[in-house]
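Here's the structure we're looking at; comments come further down.
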Amino acid sequence: MPDTPLLELRGITKRFPGVLANDHVDLELVKGEVHALLGENGAGKSTLMNILYGLYHPDEGEIRLNGKPVRIGSPRDAIDLGIGMVHQHFMLIPVMTVAENIVLAVEPTSGPFLDLHAAEKRVQELSTQFGLAVRPDARVASISVGMQQRAEILKALYRGAEILILDEPTAVLTPQEAKELFAIIRSLQAEGKSIIFITHKLNEVLDIADRITVLRQGKQVDTVPREGATPEGLARLMVGRDVVLRVEKPEAQPGDVLLDVDNLEVRDERDLEAVRGVSFDVKAGEIVGIAGVDGNGQTELIDALTGLRRPSGGRISVGGKDVTTAGARESLDLGVGHIPEDRQVRGLVLDFTLAENLALHDFRKKPDSRWGCLFPKRIVQRAVRLLKEFDVRGGGPQTRAASLSGGNQQKVVVAREVSRDPRVLIAAQPTRGLDVGAIEFVHRRLVTERDEGRAILLVSFELEEILSLSDRILVLYEGRIVGEYPPGVSEEELGIAMTGGRRQAA
Amino acid sequence: MTAPIQPESSRDATSDVTAWFSTRIGGVLVPLAATVLAFLIGGLVVLITGHNPVTAYRAIFEGTGLNWFFPWVGGESREAAANDLQQTLILMTPLVLTGIAVAFAFRCGLFNIGGQGQYWVGFIAALYVGTHLDGFSRPVHLLVAILASIVAGSIWGGIAGILKATVGAHEVITTIMLNWIAIFGGMYLFEIGGPLQGPQPSIPRSAEIPDSVELWPIWGSLPSLHAGIFIALFALVVYYVLLNRTTLGYEVRAVGFNPEAARYGGISVAKNYFLALAISGAFAGLAGSVDVLGFKFAVSTGDFATNFIPFTGIAVALLGRNKPVGILFAALLFAALEVGTSTRQLDPEVFEPALAVDLATMIQALVIFFVGADLLILYLWRARRFVGLGRRVQPEPRP
Ligand SMILES: Nc1ncnc2c1ncn2[C@@H]1O[C@H](COP(=O)(O)OP(=O)(O)OP(=O)(O)O)[C@@H](O)[C@H]1O
Ligand SMILES: [Mg+2]
């Protein structure tokens with residue numbers, strides 16, 4: 001590794017109204033390096049990277065590229081300097097093909113016409129060069145999240161990126177997709193590209209990074225080489241205390257059946273069968289985990305259970321009451337809590353304040369309202385309490401949800417759902433985007449809720465999360481439950497079931 | 001997590017000031033800048049047509065009657081100013097109401113272009129109650145007429161709402177269709193031989209409402225400013241309370257911002273589309289009744305196609321940022337612009353009235369254009385090295 005840094009950030013400071021997001025942060029990137037950026041939710045990682053990509057302007061500090069100071073006024077400037085960024089929320093246009101998206105704004109032309117053929121060819125070349133298998137002529141809307149991410153990476157490469165920023169790229173990927181992404185990162189590295197990689201998953205950091213920079217509360221705490229780093233050590237650097245990375249929980253004491261699902265069938269948007277006759281139950285005081293690869297009917301199952309989608313067959317009952325055809329409102333009133341898969345699409349009204357978001361389910365009831373009149377003061381009072389209890393940082397009750405960091409947004413959703421004292425809690429990816437400390441907190445909280453007699457259904461793509469929290473594990477494959485396992489099952493065995501292996505054996 | 005270390009140290013004085021600034025001033029900055037910019041460009045055009053923009057604007061300003069508020073204006077010019085100001089405020093009244101109508105629908109994510117139709121059905125309903133029912137005392141008669149206009153307007157808006165909620169018909173299309181139904185329906189009612197034509201057989205005009213259902217005149221005489229202005233101000237309060245202090249308003253706003261999240265919160269999106277359009281229509285219908293009960297008293301078939309108050313309501317809502325105070329000032333601005341440039345007010349020596357009317361329309365259009373292009377304004381602002389003030393410039397893609 002050569003010594004002259006390719007990129008230097010010096011004393012970067014960025015203030016937002018009421019928040020010091022970056023406080024004199026230094027960061028160095030050498031050519032061909034994979035540099036991981038770690039830090040708690042709201043530590044300022046995304047902000048720092050958005051500054052590097054020209055989306056924000058630092059209040060202080062300078063950026064040097066190859067030793068020369070540069071001004072990055074806009075993403076355009078960043079691209080011209082060879083800096084590419086893949087945001088966690090992809091910026092692709094769904095109705096266009098992968099190739100069209102990639103060449104957008106830098107289209108190859110023949111005469112006055114768009115030369116799509118040349119574009120597809122170039123995309124194809126890049127994708128073979130870096131092992132980024134993706135079909136250039138496929139429509140973005142019809143490909144998986146993992147593929148979309150590859151399209152985003154290709155887009156950056158197509159524009160000549162030498163430095164690639166990946167903001168929490170694995171948060172949306174299945175473990176298999178994450179492995180593939182790592183292979184891609186290694187081949188990029190082999191081609192001399194430099195990569196900044198944001199993640200909350202410590203094992204990933206130890207797997208792929210050459211050096212690791214840790215931010216805490218906007219300040220750079222340390223930069224360490226991978227050699228000698230341990231998950232515990234990194235967690236301590238991030239959070240400033242020891243973090244328990246394993247969940248410790250007492251034996252479950254299951255009680256009455258609270259959620260009973262019988263031969264449930266649900267169709268998806270395209271009217272295809274997504275859930276094909278699923279039966280299971282969840283008892284008071286237990287956590288049932290649903291493992292499976294994304295796209296095997298999880299979304300449709302969750303929607304049906306929470307009244308957001310009407311099943312095409314079968315029966316659902318909550319606490320003995322038939323709710324098969326109940327709407328979202330009834331389902332809420334019956335005490336079904338729901339941490340939705342995607343906090344931005346569904347979980348939050350980003351333009352509402354945190355207080356308003358925390359009232360999303362209860363605003364119709366006392367004490368939030370009476371006879372249709374809202375009592376904002378009470379809503380704010382409760383918000384103050386919840387924000388403190390769930391340690392949401394970066395804003396108060398009157399802050400707009402949109403200005404919170406991703407992980408803190410997730411905490412708001414979790415706070416709302418857990419604090420309603422639901423009888424049944426459907427938790428879909430409850431810790432997506434959370435830092436280790438917050439994950440520890442949410443996991444502990446879920447166990448506490450379990451022990452208070454709630455029935456918890458956990459849907460997660462993270463095998464580790466499923467294995468450490470669940471009292472029973474169900475595997476969903478192609479809309480069917482293909483097996484039930486005790487928590488002690490090995491990851492391998494689950495993995496085989498999740499890809500349909502078990503069914504063939506049976 | 002368990003030991004929350006609130007980043008106290010990271011809260012510093014500078015950022016608190018910017019926080020205050022951006023929440024308090026940020027929303028005002030853009031509309032204000034849009035208005036100033038529109039007037040500057042308007043002035044440029046005045047210059048090109050060979051007039052002095054300063055004297056032209058001054059004449060227009062004096063035509064609005066707003067100089068009445070200057071204590072040093074006295075004597076005859078004070079009286080003239082009072083007259084002009086009455087006209088401005090008369091016009092402001094329905095603009096506030098149609099502005100609220102548009103704003104309310106906006107907050108639910110809907111674009112109600114049907115203000116015109118809703119205004120007219122409200123107008124006709126109040127006129128009908130005023131001319132065809134009697135035996136009430138004045139307050140009761142007024143109340144019945146106003147209620148009739150509210151009901152009529154909300155039905156007109158509600159039809160578009162039902163269509164949106166049930167079959168998903170786009171409100172822009174349906175409200176425009178309903179506008180034409182109201183306009184042609186109105187023309188039919190009052191044309192010669194029409195069912196509601198007034199006492200003069202050769203004139204396509206309605207009967208006049210009797211004095212006993214007129215809104216109380218409160219200031220001046222030509223025509224006088226009427227009590228409708230209090231209705232408009234009260235409506236602003238109702239608008240604010242409805243939106244921010246009721247569960248209905250909460251639902252409407254949630255649906256407007258993120259229908260998917262609203263649905264997840266147990267809110268019926270379809271129901272709120274219906275309610276929002278019906279309530280929006282009620283405000284527009286109310287605008288019709290204050291006009292007829294306050295200073296128009298009757299309607300001719302020719303009036304139907306030439307009334308632009310409901311359309312200006314769209315501009316009012318846009319410039320006012322759907323905020324009550326914003327709507328009030330935007331309505332005042334547009335009303336003043338209209339009155340100040342009207343033929344009656346302007347000295348042809350200073351600026352030809354024909355040009356002035358065009359100038360008013362142009363400024364209106366520019367204001368809307370710049371408000372819509374608020375990113376552009378912020379960009380200009382930033383270019384002036386006011387980095388960090390105002391709102392966020394680029395929405396950060398959130399993980
Ligand atoms: N546009 C904004 N307006 C106001 N405050 C903001 C804005 N963007 C970020 N912040 C604040 O700046 C701080 C840092 O946020 P940032 O998004 O950089 O965190 P992060 O390290 O990426 O966290 P996470 O792991 O949760 O994604 C947070 O306190 C956040 O609330
Ligand atoms: Mg982030």
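Since the structure is predicted, the reported quantities are computational estimates derived from the model, not experimental observations. A, B, ... follow the sequence lines: proteins, then strands. Residue 1 opens every chain.
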Looking at [options], which makes the most heavy-atom pairs under 4.5 Å with chain B?
options                                   : value
Val349(A), Asp23(A), Thr306(A), Leu308(A) : Leu308(A)
Ser331(A), Ala21(A), Pro340(A)            : Pro340(A)
Ala171(A), Gly218(A), Ala359(A)           : Ala359(A)
Arg329(A), Glu356(A), Glu330(A)           : Glu356(A)

#### Entry: Heavy-atom proximity to chain B below 4.5 Å, by part of Arg416(A)
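When you check distances to chain B, only side chain atoms of Arg416(A) fall under 4.5 Å.
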### Query
What part of Leu348(A) lies closer than 4.5 angstrom to a heavy atom of chain B: side chain, backbone, both or neither?
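Only the backbone of Leu348(A) comes within 4.5 Å of chain B.
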#### Entry: Taking every non-hydrogen atom, the tightest pair across Ala328(A) and Gly266(B)
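Closest pair (atom of Ala328(A), atom of Gly266(B), distance): CB-CA, 4.0 Å.
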### Message
Side chains of Leu360(A) and Tyr264(B), heavy atoms from C-beta outward: is any pair under 4.5 Å?
### Response
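A side-chain contact exists here, since the closest heavy-atom pair is under 4.5 Å.
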### Task
Could I get the full list of salt bridge (charged side-chain N to carboxylate O under 4.0 Å, His left out) partners for Lys323(B), not counting sequence neighbours?
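Lys323(B) satisfies salt bridge (charged side-chain N to carboxylate O under 4.0 Å, His left out) with no other residue.
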### Task
For chain B, find its close neighbours in residues 373-380 of chain A: heavy-atom separation under 4.5 Å, sorted by number, or none.
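Those residues of residues 373-380 of chain A which have a heavy atom under 4.5 Å from chain B are Cys373(A), Leu374(A), Pro376(A).
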### Task
Using side chain to side chain donor-acceptor pair (under 3.5 Å) as the criterion, list what pairs up with Thr35(B), not counting sequence neighbours.
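Testing Thr35(B) for side chain to side chain donor-acceptor pair (under 3.5 Å), a comparison that skips the adjacent residues, returns none.
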### Message
Counting neighbours of CZ on Phe111(B) that are heavy atoms of other residues, nucleotides or ligands and sit closer than 6.0 Å, is the number greater than 12?
### Response
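Yes.
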### Query
Considering residues, nucleotides and ligands other than Phe329(B), do more than 12 of their heavy atoms fall under 6.0 Å from its CZ?
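Atom CZ in Phe329(B) is not crowded, with 12 or fewer foreign heavy atoms closer than 6.0 Å.
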### Contact listing (chain A partner; residues 245-260 of chain B; heavy atom under 4.5 Å)
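Interface residues of residues 245-260 of chain B: Arg245(B), Thr246(B), Thr247(B), Tyr250(B), Glu251(B), Arg253(B), Ala254(B), Phe257(B), Asn258(B), Glu260(B).
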### Message
Go through it in stages, so that I can follow the logic: the residues are Arg364(A) and Ile267(B), the test is side-chain contact (heavy atoms from CB on, under 4.5 Å), and I'd like the CA-CA distance, side-chain angles, deciding distance and then a yes or no.
### Response
CA-CA 10 Å; Arg364(A) 298 183 198 82; Ile267(B) 295 169; 3.6 Å; yes
